[in-house]
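Encoded as structure tokens, the structure appears first; notes follow it.
All chains are named by letter (A, B, ...) in the order of the sequence lines, taking the proteins before the strands, and each is independently numbered beginning at 1.
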There are 2 protein chains.
Amino acid sequence: MAKSVANLGDVAAAAGVSKSTVSRVLNNKLNNGFSVSVDVRQRVIKIAEQLRYRPNLMARGLTNQRTRMVSVLGGAHALSDMGNIYQTAINSITNVLDNAPGGFDVTVDMSQHAPGTNELPAWKIDGAIILAKCTSQTIEEIKHSGAPYVVINGPADSSGSSVSPDDIGGTELAVQHLIQLGHTRIAYASAPLRHLAGHSSLRDRHDTYVKELNARGLETIKGHEEPFTSAVDYLKSAVITQRATSVITYGHMSALNIMQAAHSLGIAIPRELSLIAFCDEYAASVMSPGLTFIDLGSREMGLIAAEMLLEKIENPEQAQSRNVKIQEKLVFRDTTARPCR
Amino acid sequence: MAKSVANLGDVAAAAGVSKSTVSRVLNNKLNNGFSVSVDVRQRVIKIAEQLRYRPNLMARGLTNQRTRMVSVLGGAHALSDMGNIYQTAINSITNVLDNAPGGFDVTVDMSQHAPGTNELPAWKIDGAIILAKCTSQTIEEIKHSGAPYVVINGPADSSGSSVSPDDIGGTELAVQHLIQLGHTRIAYASAPLRHLAGHSSLRDRHDTYVKELNARGLETIKGHEEPFTSAVDYLKSAVITQRATSVITYGHMSALNIMQAAHSLGIAIPRELSLIAFCDEYAASVMSPGLTFIDLGSREMGLIAAEMLLEKIENPEQAQSRNVKIQEKLVFRDTTARPCR
DNA sequence: TCACTAGGTCCTGTCAAAAGG
DNA sequence: CCCTTTTGACAGGACCTAGTG
């Protein structure tokens with residue numbers, strides 16, 4: 001009673017030709033000196049449509065060993081932070097892969113895998129994109145399966161490519177911007193986000209802050225060493241006690257907390273405090289007032305990651321692994337200004 | 001040179017038994033009077049591990065017509081809003097399905113499908129969960145494929161189940177809460193979100209606001225009819241001109257905008273203005289001050305949706321479609337208080 | 001009854017080969 | 001023997017029915 005879906009044989013029978021002919025017509029295979037009469041071609045196509053024929057991709061994948069399926073790993077933790085950069089990246093990844101010749105199905109794996117277990121889908125995939133990180137076991141599995149992979153905003157070993165934002169350059173831009181505006185008391189507020197533990201961005205942004213200030217003979221503002229727990233307490237210490245006139249903060253969520261805290265302490269932004277954060281265009285666009293931010297280039301990251309992956313899928317032998325750094329850009333808007341003191 | 005993955009035959013050869021034996025051992029099939037010696041069983045399992053054998057699911061799916069794969073559709077638009085309820089729902093969906101006997105792979109389809117095209121993955125799936133909405137063509141495809149489906153926060157026709165929050169009840173709770181606190185001038189601020197066009201929540205929340213106020217002989221505050229474009233202008237009209245002492249707003253993003261606007265207009269929350277929004281626990285938890293909100297129960301929605309889907313997958317004949325309404329709950333925190341005038 | 005296996009089945013893609021002119 | 005059009009047989013990997021010693 002279950003609806004039986006039409007298969008190649010059904011179409012062949014209905015069209016009065018062999019299965020091979022149907023297969024070749026529908027797949028447009030013109031290689032081995034193959035040709036069909038216009039007559040047969042049209043009949044086959046028409047009947048396939050009538051019967052709503054869709055090839056059974058399990059059988060297809062069984063023979064040609066390709067599934068045209070690309071998996072995005074690490075979705076569960078990467079998407080847990082509100083509106084973070086990975087959403088934008090995923091959008092551009094799907095754009096590229098959807099529109100690639102032949103097309104790929106992009107699926108995001110959302111399972112929260114217990115540590116030590118395998119993150120790969122049970123399906124054979126043609127390629128993988130990893131958001132920030134995955135377990136070393138997963139990397140092993142991917143390598144063993146032979147599928148190429150690209151890591152976005154995280155490290156890859158020699159067998160895989162990576163695309164990351166240049167956090168060092170971005171932090172330099174932020175410091176330069178504030179100094180050009182006339183600030184000399186510049187604070188750094190780190191992120192309290194749990195799932196970021198150990199991510200290079202934490203270290204890179206912080207260390208560059210310290211290095212840049214030291215290089216210019218400026219004093220760092222205490223509290224930069226570790227994540228703040230209360231934005232109000234942080235501002236009391238950094239702005240009121242230590243007289244910072246500007247804060248560079250890890251991300252848009254911490255920026256939001258700092259803005260709220262500044263309001264409640266009666267500190268005007270940007271008149272009394274300049275604020276700058278790392279995030280992407282989308283996150284910044286939904287905040288008001290317009291945040292001055294270091295654009296991580298998430299759209300570009302997704303684009304490049306997808307293109308590199310595509311190259312490796314199409315050309316497994318030839319394409320080689322690369323580690324690309326995306327330049328971060330300063331977007332000057334309403335939360336930074338000359339200091340008033 | 002390409003690493004060839006071990007298959008059933010390889011394991012069988014290495015263990016010195018037949019493929020059937022390996023298959024049955026690994027699948028624990030004890031039905032048809034099948035049995036194995038402890039000896040063979042252990043040897044097979046050990047060798048399978050050594051060779052890192054993983055069944056080729058294409059071949060498996062070919063025979064038993066099940067893929068143990070569940071697809072979440074509508075991810076692209078559902079996840080575009082920062083930190084919205086679907087992320088939480090997806091998390092509980094994956095929890096349930098991962099831990100189901102046998103386990104399911106949950107993948108979220110992220111492609112932004114051109115209107116009129118098919119949203120289904122090319123793969124046969126065992127079931128689908130739809131976030132808010134999908135094209136009617138997709139529904140047709142799912143039905144034709146015979147896979148069961150459940151819609152979260154959206155309408156389903158007779159062949160599918162649905163789980164939605166009770167927006168009418170939730171709005172009643174919000175109005176009641178404000179009235180109990182002593183408010184009589186209650187405003188409603190709708191959402192400017194594009195991808196929500198036509199969603200029942202827009203109508204339900206708005207209409208219930210009007211109905212509840214009318215029923216109590218209270219005047220509605222102008223501006224409720226359509227989404228605001230500028231939160232500052234909205235508050236000027238609703239709070240300053242029309243002297244509203246409280247605002248019910250569509251979601252956490254509009255709440256955020258209103259909080260920012262209130263700050264910049266010098267309106268203290270909750271002393272001069274009470275604010276209440278519809279969202280889930282997670283969104284509310286990252287905002288400060290603690291937002292009073294109507295909890296949409298996204299975790300529960302995901303849970304129930306996954307369980308209903310599971311039931312239909314395991315019991316295609318017996319399980320019947322249901323439309324479940326989740327009760328919304330008021331969470332009283334720091335943005336609502338007695339009016340001061 | 002126990003312990004195990006051969007071989008057919010699912011459906012598509014491919015290749016060598018054959019039919020028709 | 002040519003070319004064009006079409007085909008049958010088989011591979012691919014796991015599962016299951018029927019069957020063996």
Side-chain angles (χ1 to χ4, degrees), chain A residues 2 4-45 47-48 51-68 102 122-124 145-146, chain B residues 2 4-45 47-48 51-69 102 122-124 126 145-146:
Chain A
S4 67
V5 186
N7 65 23
L8 203 58
D10 298 336
V11 178
V17 295
S18 75
K19 293 187 286 178
S20 343
T21 304
V22 176
S23 171
R24 306 192 107 130
V25 167
L26 295 179
N27 292 315
N28 248 334
K29 288 276 168 170
L30 300 171
N31 21 4
N32 295 329
F34 172 73
S35 58
V36 260
S37 60
V38 193
D39 204 37
V40 169
R41 152 173 256 113
Q42 285 176 345
R43 193 166 70 235
V44 166
I45 291 175
I47 290 191
L51 297 182
R52 304 181 83 164
Y53 170 72
R54 288 182 72 194
N56 180 327
L57 293 204
M58 274 159 273
R60 172 181 283 176
L62 195 54
T63 58
N64 63 206
Q65 301 292 37
R66 282 172 135 232
T67 57
R68 304 211 71 83
W123 292 95
K124 176 167 171 41
S145 82
Chain B
S4 67
V5 186
N7 64 23
L8 204 59
D10 299 335
V11 178
V17 295
S18 76
K19 294 188 287 176
S20 339
T21 305
V22 176
S23 170
R24 311 196 104 126
V25 166
L26 296 178
N27 292 312
N28 248 336
K29 289 274 170 171
L30 299 171
N31 21 6
N32 296 326
F34 172 73
S35 58
V36 257
S37 60
V38 190
D39 205 39
V40 170
R41 153 173 254 113
Q42 285 176 346
R43 192 165 71 234
V44 167
I45 290 175
I47 290 189
L51 297 182
R52 305 181 84 165
Y53 169 72
R54 291 181 71 195
N56 180 325
L57 293 205
M58 275 158 274
R60 172 180 283 176
L62 197 54
T63 56
N64 63 206
Q65 301 291 42
R66 284 171 133 231
T67 57
R68 306 212 69 83
M69 191 160 160
W123 293 98
K124 175 166 171 39
D126 285 356
S145 81

Check this one for me: any side-chain N or O of [X] less than 4.0 Å away from OP1 or OP2 of [N]?
| X | N | value |
| --- | --- | --- |
| B/T21 | C/dC4 | no |
| A/N7 | C/dC11 | yes |
| A/Y53 | C/dC11 | no |
| B/S35 | C/dA3 | yes |
| A/N27 | C/dT12 | no |
| A/S37 | D/dT4 | no |

Grab the [atom1]-[atom2] distance between [X] and [N] for me, whole Å please.
| X | N | atom1 | atom2 | value |
| --- | --- | --- | --- | --- |
| A/R24 | D/dT4 | CZ | P | 15 Å |
| A/L57 | C/dG13 | CG | C1' | 13 Å |
| B/R66 | D/dC15 | CZ | C1' | 14 Å |

key: Closest listed nucleotide, where the reference is the side chain of A/S20 and the choices are D/dT17, C/dT12, C/dT14   =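 Closest of the options to the side chain of A/S20: C/dT14.
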query = What nucleotide, of C/dG13, D/dG13, D/dT6, holds the atom closest to the side chain of A/V36?
reply =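 For A/V36, the side-chain atoms sit closest to D/dT6.
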request  = Quick one: pull up OG in B/S37 and CD in B/Q42 and give me the separation to the nearest 0.5 Å.
outcome  =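 Rounded to the nearest 0.5 Å, the OG-CD separation comes out at 9.0 Å.
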inquiry  = Please report the end-to-end axis angle for the helix from C/dC2-D/dG21 to C/dG21-D/dC2, five pairs per end, rounded to 10 degrees.
reply    =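 Rounded to the nearest 10 degrees, the bend comes out at 60°.
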ask   = What is the nucleic acid contact for A/K19, judged by heavy atoms within less than 4.0 Å: base, sugar-phosphate only, or nothing?
value =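 Answer is base: heavy atoms of A/K19 come under 4.0 Å of a base.
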Please confirm whether the backbone N or O of [Y] pairs with a side-chain atom of [X], one donor and one acceptor, at under 3.5 Å?
| X | Y | result |
| --- | --- | --- |
| A/R41 | A/V36 | no |
| B/N27 | B/R24 | no |
| B/D126 | B/R66 | no |

key: Closest-nucleotide 5' rank along DNA chain C - winner of B/V17 and B/L62   =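 Taking each residue's closest nucleotide, the earlier one in sequence belongs to B/V17.
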query = If you pin B/T63 and B/V38 to their nearest nucleotides in DNA chain C, which one's is more 5'?
reply =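 Closer to the 5' end of DNA chain C: B/V38.
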query = Do you know which two heavy atoms are closest between A/I47 and A/A14, and how far apart they sit?
reply =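 Result for this residue pair: CD1-O, 3.4 Å.
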key: Closest contact, heavy atoms only, B/Y53 versus B/N7   =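 Smallest interatomic distance, heavy atoms only, reads CE1-C, 3.6 Å.
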task = Tell me which of A/A59 and A/S18 sits closer to the 5' end of DNA chain D, going by the nucleotide each one is nearest to.
result =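 It is A/S18 whose nearest nucleotide is closer to the 5' end.
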task = Using side-chain contact (heavy atoms from CB on, under 4.5 Å) as the criterion, list what pairs up with A/T63, not counting sequence neighbours.
result =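 In terms of side-chain contact (heavy atoms from CB on, under 4.5 Å), with neighbours along the sequence ignored, A/T63 is linked to no residue.
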